[in-house]
Amino acid sequence: SFTQTDNGKSSSTSLSIHSKIISSVHIGPPLPRKNNNRPIMIQGECIKTTPEGDGLKVKERKSKISKHKAIKSKRNIPQKGDPDFLTPTQLRNRRKRRAKQKPREDNGVVSTNGNNEGRNNDRKISNHVNGKDPSMRYISNPLKAPIVQAAKKYFSSSPTFEGSRIDFHIHVGPLYEWRTVSKLAVRPEAALSKTETNATNSKVAIGLFLPQSHTLLPLPRCRAHHPSINAAVKAVTRACHEVGIVPYNEAGDATENEFPKSDATSEEGTSKIEARRRLEKGPGQLRYVGINVARGNGALQITLVWNGPAPSDDGSDSCENPNLKKLVSTIIAMSGTSQNASVNLNSNGVGSGLLSSEENGDVADSTGEPAKKRRRRGRREGKSFASNDLNEGLSEKEQSTQHRPKELNLHSLWVNYNSSWRHSNAIFAFDSTTAESSCWRRHYGPYAVIENLKFGEGSTECDKRQKSGRPIANPPPLKYQVPLHFPPNVFRQANLDAFTHIVGRIREFVFQSATMKESIDNIHRLPACVELYGGVGTIGLHLSDILSSLVSSDENPNNAKCFYDSVGSFPPEIKSRILYKQKTAADMIKTERTLLRNSQILVVDPPRKGLDAQVVDYLCEDGWKHLKLLVYVSCGFQAFQQNSDALLKSKKWKLEFAEGYLLFPGSDAIETLAFFVPKNG
């Protein structure tokens, strides 16, 4: 306490000291908040203001423990003379090494182990890839894609509908692991880096091109892919690295001899190295990898698109590339099959090569012994029943690893020889004259993946979220199976699960029509149907039991075999109603007018460009007089909008029903199903 003294000087000094103490203590309203919320120091205490409350102060004291931790962590830094000490140059080099390793991990080339760190790396890589993948751009809300919004606006406000309201419902299927068909580009990994120009010496990268470019986006673990596709990408990449495959490079010099006929002299000196250099100067060897998945068991149908001419069909494989032999045998060996018994490149047509046990069977050969026993004895004696030509291009080290653990669930392995111009966008090469195309070779497994559509099973995610939405189709089942056959040289929907709902809706609509109810028990009163752009008959064959006749058509020469393989299991009375014609849609309109006039249903499933002009002209000028129903399945909405406007503006057709399906959720695409009926009907 302060006490007054007789000495005024002493009293004034004490008062002055006390006044300083009092002046440093804030009494009264809260202090004003400083700019930028900087802390205010009062009496050695840090008073921190918060942006939420005016004048609200939070006291933060620096504890002795935190100071001790800071000092201790600083002491843990290696000092000069310690064994872990790194000079600034060494630290800089370590940062450079880490920077070089980072893009390689993002590309999925570096594999990870099974521990927690490896799984975290897988997750980081997946998020990194999906962040750039254009097919996953709208994955957080697929209905917000621009083309989806344009479709909803068109059906709600288009003047061509003449005031009629179209309830356009959109179905969204599973967001992940839906893709069972993928065609992936193969390019040099070094080409992904802007700082490296020599891509021929780099490893293989497999992925998709970014939109409107040939910039490769590696997809080692894409969430939209079926898990089997991701496994195939990993296995093929590893096989390419083991064999030393040169990835295709569009910037390469195509004038070099990139297809040596033989490496028989590779064991002498540097002949093999020189042959390799010739390969690396050219545009490369492997262009694309096509992958189809059998939905039942996840087995893989793999197609290697090889940059080069096909071998001759005269039984000689002298022009076959030895690296291709090794690559094919390595991939087959990954499925658990012996490399010796894997490939026969002396092929005659697409049906050549080693067949599976289902296709081959235990048939007795010329020796009279079952093939199964002969194979076992051959392995016991160190011999193989297959040609030993495969061993000619293998070193002793490679031959010692002929039997390896199963890494791949392989259904079949094909090679497509595509030596087209490097600026061509065609993935596969096709022969326009015959299905036995010389540019296709099957080296292992059955001819086709067989799929059966099951209607009414499951529910789409959109139907789960919107209980008031339109349910998926549940048509009456067929009394017989429709086994669809899909070799790699025909078109197959990438999302066959979702496309099943479209086929089911078509069957449901046709079955419930008034004409069908009156004539279902009378074969002569059933409607006749023509299918344009029919493919292997995915839609038409599932209507075969409620039609008096079905004529399906497509321009691909490989479709006819698949079509009739499916029909082969039908009842005899159904087989007699079905016919296939290998013609384009324009040729069908030009040459099959009588057939079209006698048909009541027309099914069209055109490519993204929409209907041919001849088809639109026929529908507007003559088709409306005979047809009762036009079924339009569209994968390109802009083309569908143009075709729909042409039909409706002709005043001959009206839109009866329409709905959308997001077969590729996350991308800017929509599949449209529409039923048009003539106005005079």
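Residue indices begin at 1 and follow the sequence shown.
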Trainee: Between Arg137 and Asp133, is there a donor-acceptor pair closer than 3.5 Å when you use the side chain of the first and the backbone of the second?
Mentor: no
Trainee: Where is the tightest heavy-atom contact between Pro487 and Cys562, given as atom of each residue plus distance?
Mentor: CD-SG, 3.2 Å
Trainee: Are side-chain N/O atoms of Asn556 and Asp554 paired as donor and acceptor at under 3.5 Å?
Mentor: no
Trainee: May I ask you to check whether Tyr138 and Asp668 show a side-chain donor-acceptor distance below 3.5 Å?
Mentor: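 No, because no side-chain N or O of Tyr138 sits under 3.5 Å from a partner of the opposite role on Asp668.
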Trainee: Taking atom CD of Gln149 as the centre, does the number of heavy atoms from other residues, nucleotides or ligands within less than 6.0 Å exceed 12?
Mentor: yes
Trainee: Using only heavy-atom distances, determine whether the side chains of Asp645 and Tyr154 contain a donor-acceptor pair under 3.5 Å.
Mentor: yes
Trainee: Are there over 12 heavy-atom neighbours, none belonging to Lys590, within less than 6.0 Å of that residue's NZ?
Mentor: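 Not buried by this count: 12 neighbours or fewer within 6.0 Å.
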Trainee: How many angstroms lie between atom OG of Ser135 and atom CG of Leu208, to the nearest 0.5 angstrom?
Mentor: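 Between atom OG of Ser135 and atom CG of Leu208 there are 6.5 Å.
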Trainee: Picking from His501, Arg505, His169, what satisfies side chain to side chain donor-acceptor pair (under 3.5 Å) with Glu659?
Mentor: Arg505
Trainee: Just so I know, are the side chains of Leu543 and Leu550 near enough to count as touching, which here means a heavy-atom distance under 4.5 Å?
Mentor: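 Heavy-atom side-chain distance check fails, nothing below 4.5 Å.
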Trainee: Looking at Asp545 and Lys479, is there a salt bridge between them, counting it only when a charged N and a carboxylate O are closer than 4.0 Å?
Mentor: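 Salt bridge: no.
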Trainee: Name the residue from Leu184, Val293, Val181, Ile291 that meets the side chain to side chain contact (heavy atoms under 4.5 Å, CB included) definition with His225.
Mentor: Leu184
Trainee: With Val603, which of Leu629, Ile539, Leu630 fulfils side chain to side chain contact (heavy atoms under 4.5 Å, CB included)?
Mentor: Ile539
Trainee: Output yes when a side-chain donor or acceptor of Lys609 lies under 3.5 Å from a complementary backbone atom of Ala639, and no otherwise.
Mentor: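 Side chain of Lys609 to backbone of Ala639, a donor-acceptor pair under 3.5 Å: no, none is there.
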Trainee: What distance separates Ile170 CD1 from Lys152 NZ, expressed to the nearest 0.5 Å?
Mentor: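 Separation between the atoms: 5.5 Å.
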Trainee: Locate the shortest heavy-atom distance separating Ile139 from Leu175; write the atom from each residue and the value.
Mentor: CD1-O, 3.7 Å
Trainee: Hey, are the side chains of Arg179 and Ser182 touching, using non-hydrogen atoms and a 4.5 Å cut-off?
Mentor: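 Side chain of Arg179 against side chain of Ser182, heavy atoms only: contact under 4.5 Å found.
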Trainee: Short question: side chain of Asp612, backbone of Gln614 - any donor-acceptor pair under 3.5 Å?
Mentor: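 No; zero donor-acceptor contacts below 3.5 Å.
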Trainee: Between Tyr417 and Trp440 (judged by ring centroids, cut-off 6.0 Å), do the two rings come close enough to count as a pair?
Mentor: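 No - the distance between ring centres of Tyr417 and Trp440 does not fall below the 6.0 Å cut-off.
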Trainee: Applying salt bridge (Lys or Arg N to Asp or Glu O under 4.0 Å) to Lys583 and Glu592, what does each step give before you reach the verdict?
Mentor: CA-CA 10 Å; Lys583 292 184 178 181; Glu592 302 291 344; 2.8 Å; yes
Trainee: Measure the spacing between CZ of Arg597 and CG of Leu627 and express it to the nearest 0.5 Å.
Mentor: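 Answer for the CZ-CG pair, Arg597 versus Leu627, is 11.5 Å.
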Trainee: Give a yes or no answer on whether the side chain of Arg295 reaches the backbone of Thr180 with a donor-acceptor pair at less than 3.5 Å.
Mentor: no
Trainee: Judged by atom type as modelled, is there a donor-acceptor pair below 3.5 Å linking the side chain of Arg507 to the main-chain atoms of Pro476?
Mentor: yes
Trainee: Could you tell me whether Arg492 and Glu451 have a side-chain N and a carboxylate O separated by less than 4.0 Å?
Mentor: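 Salt bridge between Arg492 and Glu451, a charged N being under 4.0 Å from a carboxylate O: yes.
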Trainee: Show, in sequence, the C-alpha distance, side-chain angles and deciding distance for Tyr444 and Trp414, and conclude whether the ring-ring contact (aromatic ring centres under 6.0 Å, His included) test is met.
Mentor: CA-CA 7 Å; Tyr444 173 81; Trp414 292 65; over 10 Å; no
Trainee: Answer yes if the ring centres of Tyr447 and His485 are under 6.0 angstrom apart, and no otherwise.
Mentor: no
Trainee: Can any side-chain N or O of Arg608 pair as donor or acceptor with the backbone N or O of Phe637 at less than 3.5 Å?
Mentor: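 Not a single qualifying donor-acceptor pair exists.
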Trainee: Side chains of Ser553 and Tyr533: is there a donor and an acceptor less than 3.5 Å apart?
Mentor: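 No pair is found: no donor N or O on one side chain lies under 3.5 Å from an acceptor on the other.
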Trainee: Side chains of Thr584 and Asp587 only: does a donor on one sit below 3.5 Å from an acceptor on the other?
Mentor: yes
Trainee: Of the non-hydrogen atoms in Leu611 and Asn643, which two are nearest, and what is the gap between them?
Mentor: N-OD1, 3.1 Å
Trainee: I'd like to check Lys183 versus Phe428 (side-chain heavy atoms, cut-off strictly below 4.5 Å). Are they in contact?
Mentor: yes
Trainee: Which distance, rounded to the nearest 0.5 Å, do you find between the CD of Gln582 and the CG of Asn558?
Mentor: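 It comes to 8.5 Å.
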Trainee: Decide side chain to side chain contact (heavy atoms under 4.5 Å, CB included) for Val633 and Phe499; before the verdict, give the C-alpha distance in whole Å, the side-chain angles of both, and the deciding distance to 0.1 Å.
Mentor: CA-CA 10 Å; Val633 181; Phe499 193 76; 4.1 Å; yes
Trainee: List the steps and the verdict of side chain to side chain donor-acceptor pair (under 3.5 Å) for Tyr480 and Ser544.
Mentor: CA-CA 10 Å; Tyr480 49 88; Ser544 55; 2.6 Å; yes
Trainee: Closest approach of Cys635 and Pro607, non-hydrogen atoms and distance?
Mentor: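 That would be SG-C, 3.7 Å.
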Trainee: Measuring from atom CG of Asp497 to atom CG of Leu453, what distance do you get when rounded to the nearest 0.5 angstrom?
Mentor: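 Taking CG in Asp497 and CG in Leu453, the distance rounds to 9.0 Å.
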Trainee: Check whether Ser548 reaches the backbone of Leu526 with its side chain - one donor and one acceptor, N or O, closer than 3.5 Å.
Mentor: yes
Trainee: Where is the tightest heavy-atom contact between Ala185 and Tyr288, given as atom of each residue plus distance?
Mentor: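 Result for this residue pair: CA-CD2, 3.4 Å.
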Trainee: What I'd like to find out is whether the side chain of His626 reaches to under 4.5 Å of the side chain of Gln600, using heavy atoms alone.
Mentor: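 Not in contact.
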Trainee: With side chain to side chain contact (heavy atoms under 4.5 Å, CB included) as the criterion, how do Phe570 and Leu541 come out once you've worked through the C-alpha distance, each side chain's angles and the decisive distance to 0.1 Å?
Mentor: CA-CA 10 Å; Phe570 288 8; Leu541 292 179; 4.0 Å; yes
Trainee: Between His226 (side chain only) and Ser228 (backbone N and O only), is there a donor and an acceptor less than 3.5 Å apart?
Mentor: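 Yes: the side chain of His226 pairs with the backbone of Ser228.
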Trainee: Quick one, Ile331 and Leu413 - any side-chain contact, counting heavy atoms below 4.5 Å?
Mentor: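 They are in contact (side-chain heavy atoms under 4.5 Å apart), so the answer is yes.
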Trainee: Can you give me the closest heavy-atom contact between Ser667 and Ala145, atom names plus distance?
Mentor: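 Smallest interatomic distance, heavy atoms only, reads O-CB, 3.9 Å.
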Trainee: Please check if the distance between the ring centroids of Trp653 and Phe675 is under 6.0 Å.
Mentor: no
Trainee: Parallel, tilted or perpendicular, judged at 30° and 60°: which one describes the rings of Phe676 and Phe640?
Mentor: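 Phe676 and Phe640: tilted rings.
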Trainee: Does any part of the side chain of Val567, heavy atoms only, come nearer than 4.5 Å to the side chain of Tyr580, both counted from C-beta?
Mentor: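 No. Closest side-chain heavy atoms not under 4.5 Å.
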Trainee: Checking Thr538 side chain against Gly534 main chain: does a donor-acceptor pair fall under 3.5 Å?
Mentor: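 Side chain of Thr538 to backbone of Gly534, a donor-acceptor pair under 3.5 Å: no, none is there.
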Trainee: Do Ile166 and Leu655 come within less than 4.5 Å of each other through their side chains, counting heavy atoms only?
Mentor: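 When only atoms from C-beta onward are counted, Leu655 and Ile166 do touch, with a gap below 4.5 Å.
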Trainee: List the steps and the verdict of side chain to side chain contact (heavy atoms under 4.5 Å, CB included) for Trp624 and Leu619.
Mentor: CA-CA 6 Å; Trp624 63 273; Leu619 292 172; over 6 Å; no
Trainee: Less than 4.5 Å apart, side chain to side chain, heavy atoms only: is that true for Ile302 and Leu408?
Mentor: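 A side-chain contact exists here, since the closest heavy-atom pair is under 4.5 Å.
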Trainee: Just how far is it from atom CG of Asn409 to atom OG of Ser335, taken to the nearest 0.5 Å?
Mentor: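 Interatomic distance, Asn409 CG to Ser335 OG, rounded to 0.5 Å: 9.0 Å.
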Trainee: Given the rule in the side chain to side chain contact (heavy atoms under 4.5 Å, CB included) test, do Lys679 and Lys652 qualify, once you have shown the distances and angles that lead to the verdict?
Mentor: CA-CA 6 Å; Lys679 284 190 173 182; Lys652 306 299 182 182; over 6 Å; no
Trainee: Is Asn559 reaching over with its side chain to a backbone N or O of Glu555, donor-acceptor style, under 3.5 angstrom?
Mentor: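 Between the backbone of Glu555 and the side chain of Asn559 there is no qualifying donor-acceptor contact (under 3.5 Å).
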